[in-house]
Amino acid sequence: MGQQAFFHAPHGGADFIGLRKQPSGATEIVYDDGVSRRMVWRVSGAPNEARLTDALRVAVGAVRVVPTLHDELRKRSIAVERIAG
């Protein structure tokens, strides 16, 4: 993955969602609501960066970020495993 991608909710919320790459090479999605919830998912396989970034962009623009994220990942056939939160 050449770039990291981070998004903040445009609707005035503190929601944050981003991608990070671990030293092991694993790609992870991080979500934080700015108050009490922080969740991390590991992306399975070799993800397509453009499809993954598009899914995050759509999700952070929604009122219900986490359910929308799961829907967008499913639409794009991107498998994730929850590892924290």
Counterpart residues, side-chain contact (heavy atoms from CB on, under 4.5 Å), relative to Val58 (two or more places apart) = Thr68, Glu72, Arg76
Hey, what do you get for OG1 (Thr27) to CZ (Arg20), rounding to the nearest 0.5 Å?
-> 11.0 Å
Arg42 CZ to Gln22 CD distance, which is reported to the nearest 0.5 Å = 7.5 Å
Mind checking side-chain hydrogen bond (donor to acceptor under 3.5 Å, both in side chains) for Glu81 and listing every partner two or more places apart, or none if nothing turns up?
-> none
Side chains of Ile78 and Asn48 in contact at under 4.5 Å (non-hydrogen atoms) = no
Before giving the answer on side-chain contact (heavy atoms from CB on, under 4.5 Å), spell out for Val40 and Ile29 the whole-Å C-alpha distance, their side-chain angles and the decisive distance to 0.1 Å.
-> CA-CA 6 Å; Val40 180; Ile29 299 171; over 6 Å; no
Nearest 0.5 Å please: distance from the CG atom of Leu69 over to the CD1 atom of Ile17.
-> 4.5 Å
Contacts of type salt bridge (charged side-chain N to carboxylate O under 4.0 Å, His left out), residue Arg51, not counting sequence neighbours = none
Hey, could you give me the CG/OG1 distance between Leu19 and Thr53, rounded to the nearest 0.5 Å?
-> 5.5 Å
Listed by chain and number, what are the side-chain contact (heavy atoms from CB on, under 4.5 Å) partners of Ser36, not counting sequence neighbours?
-> Asp33
Contacts of Asp71 that satisfy side-chain hydrogen bond (donor to acceptor under 3.5 Å, both in side chains) - sequence neighbours left out = Arg74
Apply side-chain contact (heavy atoms from CB on, under 4.5 Å) to the pair Val66 and Met39, showing each step before the final yes or no.
-> CA-CA 9 Å; Val66 174; Met39 295 186 238; 3.7 Å; yes
Got a sec, which pairs hit ring-ring contact (aromatic ring centres under 6.0 Å, His included) with one end in residues 30-60, sequence neighbours left out?
-> Trp41-His70
Separation between CG of Asp32 and CG of Asp15, rounded to the nearest 0.5 Å | 8.5 Å
